[in-house]
Amino acid sequence: MILEVEKPLLELERKIRELQEVDRAAGVDLSAEIRLLERKAQELKENIFGNLSAWDRVQLARHVERPATLDYVTHLFTDFVELHGDRFHGDDPAVVGGLARFQGRPCLVLGHQKGKGTRENLARNFGMPNPEGFRKAGRLMRLAARFGRPIFTFVDTPGAYPGIEAEERGQFEAIASNLALMSELPVPILTVVIGEGGSGGALGIALADRVLILENSVYSVISPEGCASILWRDAARAEEAAAALGLTSQTLKRLGLVDEVLPEPLGGAHRDPAGTFRTVQEALSRHLKTLLDVEEHALLDARYSKYRQMAVMGDL
Amino acid sequence: MILEVEKPLLELERKIRELQEVDRAAGVDLSAEIRLLERKAQELKENIFGNLSAWDRVQLARHVERPATLDYVTHLFTDFVELHGDRFHGDDPAVVGGLARFQGRPCLVLGHQKGKGTRENLARNFGMPNPEGFRKAGRLMRLAARFGRPIFTFVDTPGAYPGIEAEERGQFEAIASNLALMSELPVPILTVVIGEGGSGGALGIALADRVLILENSVYSVISPEGCASILWRDAARAEEAAAALGLTSQTLKRLGLVDEVLPEPLGGAHRDPAGTFRTVQEALSRHLKTLLDVEEHALLDARYSKYRQMAVMGDL
Amino acid sequence: MAGLFDSLRARRPRVDKVATPALPSDHWVKCSGCGNAIYRASFLENRKVCEKCSHHHRMSARERLELLADPGSFEEWDAGLVSVDPLGFGQDYLDKLKSDRERTGLSDGLLSGACTLDGIPVALGIMDFGFRGGSMGSVVGEKVVRVLERAAERRIPALLVTCSGGARMQEGMLSLMQMGRTCAAVRRLNRVPAPFLVIMTDPTTAGVAASFAALGDVILAEPGAIIGFSGRRVVEQTIRQKLPPGFQSSEFYLEHGFLDRVVPRSELKDTVTAILGMLAVPAEVGR
Amino acid sequence: MAGLFDSLRARRPRVDKVATPALPSDHWVKCSGCGNAIYRASFLENRKVCEKCSHHHRMSARERLELLADPGSFEEWDAGLVSVDPLGFGQDYLDKLKSDRERTGLSDGLLSGACTLDGIPVALGIMDFGFRGGSMGSVVGEKVVRVLERAAERRIPALLVTCSGGARMQEGMLSLMQMGRTCAAVRRLNRVPAPFLVIMTDPTTAGVAASFAALGDVILAEPGAIIGFSGRRVVEQTIRQKLPPGFQSSEFYLEHGFLDRVVPRSELKDTVTAILGMLAVPAEVGR
Ligand SMILES: [Zn+2]
Ligand SMILES: [Zn+2]
């Protein structure tokens with residue numbers, strides 16, 4: 001998957017590789033030219049990725065190679081035992097969760113899971129939860145809370161699945177119940193928006209003591225496409241809508257809706273997954289440490305106060 | 001519906017009516033004969049209903065005219081507001097429940113509900129709950145407990161519904177969850193077995209501080225028909241099985257599995273519903289009064305101890 | 001999520017407007033349920049329920065207040081809170097807010113205050129579809145939270161009448177967060193405990209359905225109200241076929257177990273007070 | 001409810017008996033899954049899982065103990081509790097109890113005690129289908145309750161391995177009540193909190209499925225185990241058609257959300273100890 005925005009850079013990088021080939025194979029010394037081009041590539045890279053539009057970030061957040069929840073589970077956690085089922089209706093593959101250890105400490109980890117290819121994406125419903133996904137998450141979080149285990153959630157979904165049966169089985173109730181539940185669980189809850197934060201489907205596992213977001217992740221009340229089709233009856237104006245919706249990590253931080261923006265490698269998380277994992281691990285470790293020092297009652301009060309303040313209003 | 005056991009009595013009562021008719025219409029004085037027959041009828045009645053077999057009681061407990069849960073709701077409670085739905089899948093008409101007042105006191109009342117005729121019986125699935133019936137009951141009981149309201153449950157079911165979808169939606173989980181829930185609800189729970197107590201489907205709303213049972217109600221681990229077909233491969237030997245299973249109110253009292261047997265009018269509850277309602281109301285009122293005097297912690301301990309003792313064992 | 005709001009407007013826009021008495025009109029209104037003409041006076045007397053087909057037409061927040069609260073008992077809260085434009089959507093949005101304020105006489109999409117119902121003190125909030133489709137932004141969220149918090153402080157029931165297409169898109173993620181904070185406030189009320197009643201009216205969808213509205217101790221709904229999370233058009237596009245009749249109606253959700261009762265408007269107040277009468281008194285279980 | 005026990009016996013009675021090493025036989029056993037003959041020694045070495053079709057054959061409680069507990073760590077509890085005949089079912093029943101005691105070496109249908117799993121102290125109970133079909137009467141119920149209570153006292157995990165057709169019909173309502181009291185004991189354990197793990201093996205049905213077995217914090221099941229409330233024959237008679245393939249299997253219930261994992265026997269101990277390792281330590285969250 002090649003993004004529009006990175007095409008000139010990829011072209012330049014291809015040229016550099018050609019010159020290197022010639023340099024090596026033909027024995028012609030092109031090192032000066034190569035250095036020049038490399039400097040140019042770096043400038044271009046900084047230029048491109050330093051000035052990403054909201055829409056560019058939407059593309060990066062949706063990038064198929066972007067690390068997904070199970071990648072974080074694999075690289076940041078040990079001893080993962082996936083647990084299944086909501087104990088009511090089914091097991092939703094769009095939400096994964098289980099017991100694991102974070103830096104040796106037992107915890108619960110869960111998140112939306114998109115597929116890597118078409119087949120897995122179909123199996124995982126493109127990371128769009130049905131009610132049983134939210135209810136599985138709720139069940140596991142209750143379990144974790146009873147045993148005093150911290151909870152990590154990873155957000156990466158286009159949204160809750162808008163299907164007939166999802167509506168029948170109470171998508172609205174499932175999301176609301178998780179929000180209520182997460183507001184009162186007496187253990188630290190840490191959320192990282194690692195990709196696409198799609199509306200209520202994202203929030204349904206993301207009411208937390210700390211909400212961190214990767215630099216190029218997005219988190220939006222409605223998809224840019226959906227917004228454009230409502231505002232202007234034209235889904236093609238999604239780029240415009242993305243800019244208007246304030247869905248970038250920077251805007252969210254400015255509005256006080258996320259706690260920290262985690263920097264990504266230049267060009268996006270998928271260009272250096274290992275570096276991204278280190279960044280996320282360091283941040284989670286740091287925030288968890290702070291939260292573990294807080295008494296249960298203070299933790300819940302702080303969580304309530306934090307959300308209590310999320311309003312921007314005026315007076316007549 | 002005429003029971004085998006009451007046929008001679010009904011025949012005699014018909015004759016008395018005929019004589020009365022003749023007495024009135026033809027002006028012949030038959031009062032002596034009528035008095036004689038009436039005495040005989042009373043003797044027969046006492047003879048028949050004073051010596052009911054377990055199988056006779058099964059028939060009485062299943063009698064279509066026997067007062068059902070909503071009859072008790074109507075006659076023992078005021079201000080009933082039926083509440084629906086399990087908030088997961090559906091609303092089970094085989095279980096009814098809602099807020100009401102018992103002698104002025106706000107409470108929750110719920111129970112299995114059989115239908116009065118074929119059409120209502122089909123609609124109510126003959127009083128056989130699906131998982132959503134148990135879950136609705138559980139939801140309502142949690143609501144009642146949060147507001148400190150006592151809970152009354154009425155048992156009258158052939159059993160939990162043995163359907164494919166009931167199994168799919170976790171009949172076993174729904175029953176178990178209610179048992180666990182009822183063991184820890186910090187409000188008085190009072191149960192009356194008013195008709196048929198069919199196995200797990202009955203128990204699923206019947207773990208209580210007080211379990212009362214009407215004299216001719218039955219409560220059994222398995223239907224006599226089912227038992228006979230297992231033990232002797234012959235469902236027709238249900239009468240024998242009924243005797244063996246210890247399903248009568250008297251046996252249950254002897255084993256310490258119910259707290260009180262409530263007397264019925266001669267011939268069964270359906271022969272004098274008003275009298276039956278008075279009996280049940282008096283008993284519930286009396287038991288509730290005692291329970292309301294108990295501290296929450298003591299209530300739960302007593303409930304646990306009561307069930308803790310339900311075992312008959314030997315030592316090697 | 002905001003998509004539902006739009007699809008609802010698209011579904012029956014003009015008919016409901018005709019039925020709104022605020023608009024200039026003759027003595028007749030046309031029912032958006034059956035299309036029949038109804039004499040306006042009897043339509044209003046019948047609380048905007050069609051006498052021919054029982055269709056429940058939308059009511060403004062003030063009309064509902066009159067339907068529910070004891071006369072003269074209402075004391076409004078937070079009447080000065082107004083929406084701003086935190087994301088810079090622009091003058092067009094600000095103008096719409098202004099005109100909705102003028103037209104509805106409300107500061108934003110929710111009217112709230114203290115009142116009594118048959119003498120029972122209640123913290124009341126009523127959404128108004130006429131204000132930006134009842135959409136929930138910071139102000140609506142804040143007012144809902146305050147209703148719930150004040151009910152908790154006073155240990156009195158909270159009653160919220162919902163009527164909303166979902167989130168206020170123009171507030172972006174701020175509006176999404178209202179879901180979380182209203183749910184958190186419900187839980188605090190639950191723990192008092194004080195009763196929380198919800199009356200879902202047409203429509204109650206998306207971010208409002210999927211937050212505090214779903215959490216009522218008892219949830220009532222008016223007949224024929226559209227309820228749900230995803231917009232009907234979105235669902236149709238997803239399944240690529242027409243939706244079954246009755247999909248997402250209150251009757252549909254009663255059948256699927258998510259509502260306690262569907263109550264005709266004429267019985268609404270009695271039902272609410274009966275329930276509150278049983279929940280809104282201290283536990284008398286002798287402890 | 002006891003009907004399931006019977007229908008299970010009817011479904012595959014003799015084959016499983018052939019696979020039981022306690023019976024006199026030659027060096028070969030016939031797999032009740034695929035019908036193939038398997039060399040007995042390798043069958044036992046493979047923990048009674050068919051090497052051809054992976055069918056998991058039933059194990060006795062003692063075989064399972066060997067599979068799960070650290071060698072030499074087991075101390076049995078309540079080995080002297082035996083069933084009586086409270087309803088007077090008669091000598092035939094008493095004789096069957098006696099012969100089951102002799103054949104299985106168990107006092108009744110559940111073997112329980114303290115042990116360690118990879119060093120983790122655990123209160124363990126294992127049901128044995130060989131004793132009256134693993135049916136739960138007073139003794140099984142009592143032993144389950146004691147396992148749960150002792151786990152709660154010692155603040156250690158409880159692990160129950162279920163294998164039961166349901167209630168002990170011959171104890172009538174006494175057996176039904178075991179459902180209630182075991183569930184109550186689970187809740188007391190939950191409140192400690194101490195972990196409660198369940199391993200469902202073939203079969204786990206009726207009164208056992210619908211009580212403590214359904215309440216595990218984590219519920220594992222062996223592949224191909226029959227799980228459910230109502231007996232298959234009863235369901236068939238109710239719907240008057242054949243059951244779909246896989247109905248009531250552990251895979252079916254994993255799909256329907258009621259199991260955490262289906263775990264092959266070879267991975268069972270590792271999975272259990274991994275989970276216990278994460279749940280069975282005091283909360284270290286700094287408070
Ligand atoms: Zn009409
Ligand atoms: Zn095989």
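Below, each value reflects all heavy atoms present in this structure, side chains not excepted, and no hydrogens, waters or symmetry copies. Order of the sequence lines sets the chain letters (A, B, ...), proteins ahead of strands, with each chain counted from 1.
For A:L143, the part lying near chain D is the side chain, with the backbone staying farther off; criterion is any non-hydrogen pair under 4.5 Å.
For A:K289, the NZ atom is loosely surrounded, since the number of other residues' heavy atoms within 6.0 Å does not exceed 12. Other residues, nucleotides and ligands place no more than 12 heavy atoms under 6.0 Å from the CD atom of A:E165. Summarising the local packing, CD of A:Q103 is surrounded by more than 12 heavy atoms from other residues, nucleotides or ligands at distances under 6.0 Å.
Interface with chain A: from residues 253-267 of chain D, residues D:L254, D:E255, D:H256, D:G257, D:F258, D:L259, D:D260, D:R261 qualify, criterion being any non-hydrogen pair under 4.5 Å. Residues of residues 212-220 of chain D having a heavy atom under 4.5 Å from any heavy atom of chain A, listed by number: D:A214, D:G216, D:D217, D:V218, D:I219.
No other option in A:R135, A:R142, A:R139 has as many heavy-atom pairs under 4.5 Å with chain D as A:R139. The candidate from A:L99, A:L140, A:D91 with the greatest count of non-hydrogen atom pairs under 4.5 Å with chain D is A:L99. Note: D:N190 leads D:T271, D:I275, D:N190 in heavy-atom pairs under 4.5 Å with chain A. Among the candidates D:A274, D:P193, D:G277, the residue making the largest number of heavy-atom pairs closer than 4.5 Å to chain A is D:P193.
Across D:M278 and A:R149, no two heavy atoms sit closer than the pair O-NE, 2.9 Å.
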